[in-house]
Number of protein chains: 2
Amino acid sequence: MRDVRRKPGPCAQWDSQETDFIREILDLVGDKWSVLIIGTLADGPVRYSELADAIPGISQRMLTLTLKHLQRSGLVNRTAYPEVPPRVEYSLTGLGTSLLSTVLDLAAWSAGHHREIRGHQRAFDAEVTPTKR
Amino acid sequence: MRDVRRKPGPCAQWDSQETDFIREILDLVGDKWSVLIIGTLADGPVRYSELADAIPGISQRMLTLTLKHLQRSGLVNRTAYPEVPPRVEYSLTGLGTSLLSTVLDLAAWSAGHHREIRGHQRAFDAEVTPTKR
DNA sequence: CAGAATCCTCAGAGATACTG
DNA sequence: CAGTATCTCTGAGGATTCTG
């Protein structure tokens, strides 16, 4: 970060462009479902109903909405086959695939450190709320 | 992802533990300010007021709240010096530093692809709202 | 099957004022 | 200086119903 953000001053400051980048990516994948969808599409095209089954707890509304966001930003391709009953498949674009690996790094970090994190959280909570004493 | 998530079935499914990991990290850094704070702390300890200055637009409430979250999860250290006027410095823990690099990867990806993304978004919007015709 | 349309709720976040 | 304490409000997200 230091090389990206360095500016004269007592402490490095963010300029609006840099914060915009952060915001942009958080708007993209910082929501509740995007990462799960991207992960599900990692192995190839998946149908709408398969996505709904693969991602526990997602509502139709959120699935549709999130897919549209991802499609709008060019991370996901939507392919509708003119059949009856209708069939629609979603897949990662090149852009989406390039994001996948860095997102997987994040997921891996989380999996590797979640015990440590939970430990800190418990210790912190115990200290703040000293469980009656 | 394929090696992590593979399960018998028509399409890979997430189990609840994996989705929990994703949620955990998104709760941690998926909000509006965490990443900016972590980035600001990259170069070493920073005082509360310096953070407020370095991160444009953040309110005192959000700064305090986000710092507390990060501290609770063990990503950030809070050091209060018993002086008058009071001085408090925040710094990344080892855990926070280890997260920093993967977060910077995300930021770098965003910086490297934002033009492409914006292009897709504009094209998509133009197609959906055919700018009068 | 793959969604669109509605209605509703509650947490994330901003603004402002106060304090040890 | 480094926070708390309230109040308020927007919008992400859930549940349900309807349709090509």
Side-chain angles (χ1 to χ4, degrees), chain A residues 10-11 19 22-37 40-41 45-73 76-91 124 128-129, chain B residues 10-11 19-20 22-37 40-41 45-73 76-91 124 127-129:
Chain A
C11 167
T19 61
I22 309 282
R23 291 281 147 68
E24 192 169 5
I25 202 193
L26 287 179
D27 287 348
L28 219 56
V29 299
D31 62 281
K32 196 170 177 182
W33 303 109
S34 292
V35 171
L36 295 178
I37 291 180
T40 308
L41 297 180
V46 179
R47 299 183 59 167
Y48 181 88
S49 54
E50 290 175 331
L51 279 169
D53 292 341
I55 303 173
I58 195 169
S59 63
Q60 283 197 336
R61 176 182 135 81
M62 275 305 112
L63 179 54
T64 303
L65 216 67
T66 309
L67 281 171
K68 201 166 289 178
H69 288 155
L70 296 176
Q71 186 195 354
R72 180 178 110 98
S73 299
V76 158
N77 271 129
R78 195 192 104 114
T79 314
Y81 298 89
E83 309 169 351
V84 43
R87 180 165 60 102
V88 177
E89 283 187 348
Y90 291 90
S91 58
F124 185 92
V128 172
T129 310
Chain B
C11 166
T19 61
D20 282 353
I22 309 281
R23 291 281 147 70
E24 193 169 4
I25 202 194
L26 287 179
D27 287 347
L28 220 55
V29 300
D31 61 281
K32 196 170 178 182
W33 304 108
S34 292
V35 171
L36 295 178
I37 290 180
T40 307
L41 297 180
V46 179
R47 300 182 60 167
Y48 181 88
S49 54
E50 291 176 330
L51 279 169
D53 292 341
I55 303 172
I58 196 170
S59 65
Q60 283 198 336
R61 176 182 134 82
M62 275 305 112
L63 179 54
T64 302
L65 216 69
T66 309
L67 281 171
K68 201 165 291 178
H69 288 156
L70 296 176
Q71 186 194 354
R72 181 177 109 97
S73 299
V76 158
N77 271 128
R78 194 193 105 115
T79 314
Y81 297 89
E83 308 169 351
V84 44
R87 180 164 60 103
V88 177
E89 284 187 347
Y90 291 90
S91 59
F124 186 91
E127 194 176 345
V128 171
T129 311

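The structure displayed is predicted, hence computed values, not measured ones. Throughout, a chain's letter reflects where its sequence line sits, starting with A, and its residues are numbered from 1.
With C:dG14, C:dA2, C:dG3 as the choices, the nucleotide that has an atom nearest any side-chain atom of B:Arg61 turns out to be C:dG14.
Along DNA chain D, the stretch of nucleotides lying under 4.0 Å from any heavy atom of chain B spans, 5' to 3', D:dC1 to D:dT6.
In this model, the phosphate group of C:dG3 is not approached by any side-chain N or O of A:Lys68 to a distance below 4.0 Å at OP1 or OP2. Side-chain nitrogen and oxygen atoms of A:Arg47 include at least one within less than 4.0 Å of the OP1 or OP2 phosphate oxygen of C:dA2.
To the nearest angstrom, P of C:dC18 lies 14 Å from CD of B:Gln60. Separating the CG atom of A:Leu63 from the C1' atom of C:dA4 is a distance of 13 Å, rounded to the nearest angstrom. Distance CG (B:Leu28) to P (C:dG12): 13 Å, rounded to an integer number of Å. Rounded to a whole Å, the CD atom of A:Glu89 is 15 Å from the P atom of C:dC1. Distance CG (B:Leu26) to P (C:dA11): 18 Å, rounded to an integer number of Å. Summarising the geometry, the separation between CD1 on B:Ile58 and P on C:dG14 is reported as 8 Å, rounded to the nearest angstrom. Between B:Leu67 atom CG and C:dG12 atom C1' there is a gap of 16 Å when expressed in whole angstrom units. For B:Tyr48 and C:dT19, the OH to P distance is 17 Å, given to the nearest whole Å.
Remark: the backbone N or O of B:Ser34 is not paired with any side-chain donor or acceptor of B:Thr66 at under 3.5 angstrom.
Residue-level contact check: A:Tyr90 touches the backbone only, with heavy atoms under 4.0 Å from sugar-phosphate atoms and none from bases.
Mapping B:Pro86 and B:Leu65 onto DNA chain C via the closest heavy atom, the residue that lands nearer the 5' end is B:Leu65.
Using a 4.5 Å heavy-atom threshold, the side chains of B:Leu67 and B:Leu51 count as touching.
The two residues A:Leu26 and B:Asp31 have their closest heavy-atom pair at CD1-O, 3.3 Å.
A search for side chain to side chain donor-acceptor pair (under 3.5 Å) contacts involving B:Thr19 returns nothing, not counting sequence neighbours.
A:Arg72 forms no cation-pi arrangement with B:Phe124, by the criterion of a distance under 6.0 Å to the ring centre and an angle within 45° of the ring axis.
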